[in-house]
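See structure below.
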Amino acid sequence: MSFKQKVVYQIYPKSFYDENGDGIGDLAGIIKKLPYLAELGVDMLWLSPIYPSPQKDNGYDVSDYLAIDPRFGTMATFEKLVAQAKTFGIGIMLDMVFNHVSIEHEWFQRALAGEKKYQDYFILREEPTNWQSKFGGSAWAPFGQTGKWYLHLYDVTQADLNWRNPAVRKELQQVLDFWLDKGVEGLRFDVINVIGKDAQLKDAADGIGKAEYTDRPIAHEYIHELNRASFGKHETVVTVGEMSSTTIENGVLYTQESREELSMIFNFHHLKVDYAEGNKWTKSMFDFHQLTAILHEWGEKMSDQGGWNALFWNNHDQPRALNRFVDWQKDRVAGAQVLAAIIHLNRGTPFIYMGEEIGMLNPTYATIDFFDDVETKNAYQMLLQEGNSPSEALAIVQSKSRDNARIPMQWQATDNGGFTTGTPWLKPGDYQHISVEKELANPQIFSFYQQLIRLRKAYPIIAEGSYEGYEKDHDQLMAFIRKLGQERLLVVNNLSPSSAQITVPNDCLNGQVLLSNKKIAIKKQLTLEPYHTVAILYKQE
Ligand code: NOJ
């Protein structure tokens, strides 16, 4: 099966299911839930990092690329997971965090101890530049007692690797081969478009520095090299690159098949439409027109130029999409269905983030002390320094914190949502009202996802058709047409809490409703209910 037909499910292992009662999710827990995931119908599981790590950034600070963190289990359990998942037709996708390592990684420690070989693995300078860390503050920190500085685009404990050094690139190829030899079938590359820093490392005109290291041509060369040296030798391996602040032009270059870089990319532009003036740490309503403009532009240009998108609303870094884009108090179920249809009937590979299939929401924490995430804590302090009151700062982080996604999976209505028999590492959300148990007793969202996954496999137009926006300036509806030969699929999504009208193409009148989450009859003037999604399959005469 091509990656175009697959659906990937993301697991944040720390919060999925705790089998041994220590309050932290584990690999044995994932094994236990494989039948649930198979029932949903997904093809691949992306696991956020499971390697040894001091957990300063929840595993995105890797201290050993070639082992399993004992918190999550053993290598034997991992091998069992790969084997058992395979029996359900499910592949495992691992997270490759190759822009940086934890400062506890042996390479950094040996560099600090004075070994020149390992000092060349990092980006060291006599003087810092004015670049800013993505988690706040300077991107440079003192390198031990040497008087030098090392670069960390993320947390101070995450030291950027020097990709200009061929020995570093060789090490990373070996990491890939190690896991591919264990039967891993997918690779998710963390912030892979920032690996190629400018050779000069100079002060940035904007005082932030993104342009000095984002989407540089050399990043494409490094990715191509990884492809040729390692994963490209395995025909069926699926790769997805996480792209920080990328452009469509680069998105096309990363994913055009002939360039031999990646299968697909994540971009985040559509998830910045509730940032007031581009600032994440604000609380504001999303801009519908901005959202649809971005989705249409990416959809059309990637389609026209042969690029491929990874499609998603949620991941471990994002507050829940239901809280951002839907009046969930009014209609959580239909809202979840519309969001799902926009992604799953689109051109690209859909990713589901754990809990999305049951309509999970952000938790409500009474104080900052309940939060765990390093970025959130830094942002809270920054907001206070900027003059916000504690309650204002709390309201903002509440709406944007990454912990919103990271709360334990809600399996049942009692006992920490059935996630653990111990004390959960992060305070759970509202499992009393939303849980797998409750959803499966009366399936509405879960079953809608199942249906979408089945449709993608049954109708080639969904996996392979081209993309064109339809009535792109509509105030409430996000509509698009997929095309394959003479076949057409019109998808109309009402992402608003009031009904809406649209005129459909004449040929639709002879078409069939492939999917609708509410009652509908095909008419030239189509009226959609609040949070209503409709897909009409028809022939172009
Ligand atoms: C992106 C990851 O998704 C995020 O969780 C992490 O903090 C940064 N990359 C740094 O690795």
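Whatever order the structure lists ligands and atoms in, that order sets their numbers, starting from 1.
Applying the side-chain contact (heavy atoms from CB on, under 4.5 Å) criterion to Asn323, with sequence neighbours excluded, gives Arg320, Trp328, Leu361, Asn362.
For Tyr154, no nitrogen or oxygen atom sits less than 3.5 Å from a nitrogen or oxygen atom of ligand 1, counting backbone and side chain alike.
The part of Arg188 lying near ligand 1 is the side chain, judged by heavy-atom distances below 4.0 Å.
Taking a cut-off of under 4.0 Å to the non-hydrogen atoms of Arg406, the atoms of ligand 1 that pass are 5 (O). Of all atoms in ligand 1, listed by their number and element, those nearer than 4.0 Å to a heavy atom of Glu242 are 1 (C), 3 (O), 9 (N). For ligand 1, the atoms closer than 4.0 angstrom to any heavy atom of His100 are 10 (C), 11 (O). Using a 4.0 Å cut-off to heavy atoms of Arg402, the atoms of ligand 1 that qualify are 4 (C), 5 (O), 6 (C), 7 (O). Taking a cut-off of under 4.0 Å to the non-hydrogen atoms of Phe135, the atoms of ligand 1 that pass are 7 (O). Close approach to Asp317 involves these atoms of ligand 1, each under 4.0 Å from a residue heavy atom: 1 (C), 2 (C), 3 (O), 4 (C), 5 (O).
In terms of protein heavy-atom proximity, atom 6 (C) of ligand 1 is closest to Asp57 OD2, 3.3 Å. When only non-hydrogen protein atoms are considered, atom 9 (N) of ligand 1 lies nearest to Asp190 OD1, 2.9 Å.
Inspection of the Gln119 and Lys148 side chains reveals no N or O donor paired with an N or O acceptor under 3.5 Å. Ser102 and Thr157 share no side-chain donor-acceptor pair at under 3.5 Å.
Between Arg406 and Asp317 a salt bridge is recorded (basic side-chain N to carboxylate O distance below 4.0 Å).
The environment of NZ in Lys280 is crowded: more than 12 heavy-atom neighbours from other residues, nucleotides or ligands sit within 6.0 Å.
Checked against Trp46 for a ring-ring contact (aromatic ring centres under 6.0 Å, His included), the options Phe312, Tyr353, Phe266 give a single hit: Phe266.
Under the 3.5 Å distance criterion, the side-chain polar atoms of Asn227 are left unmatched by any main-chain donor or acceptor of Ser230.
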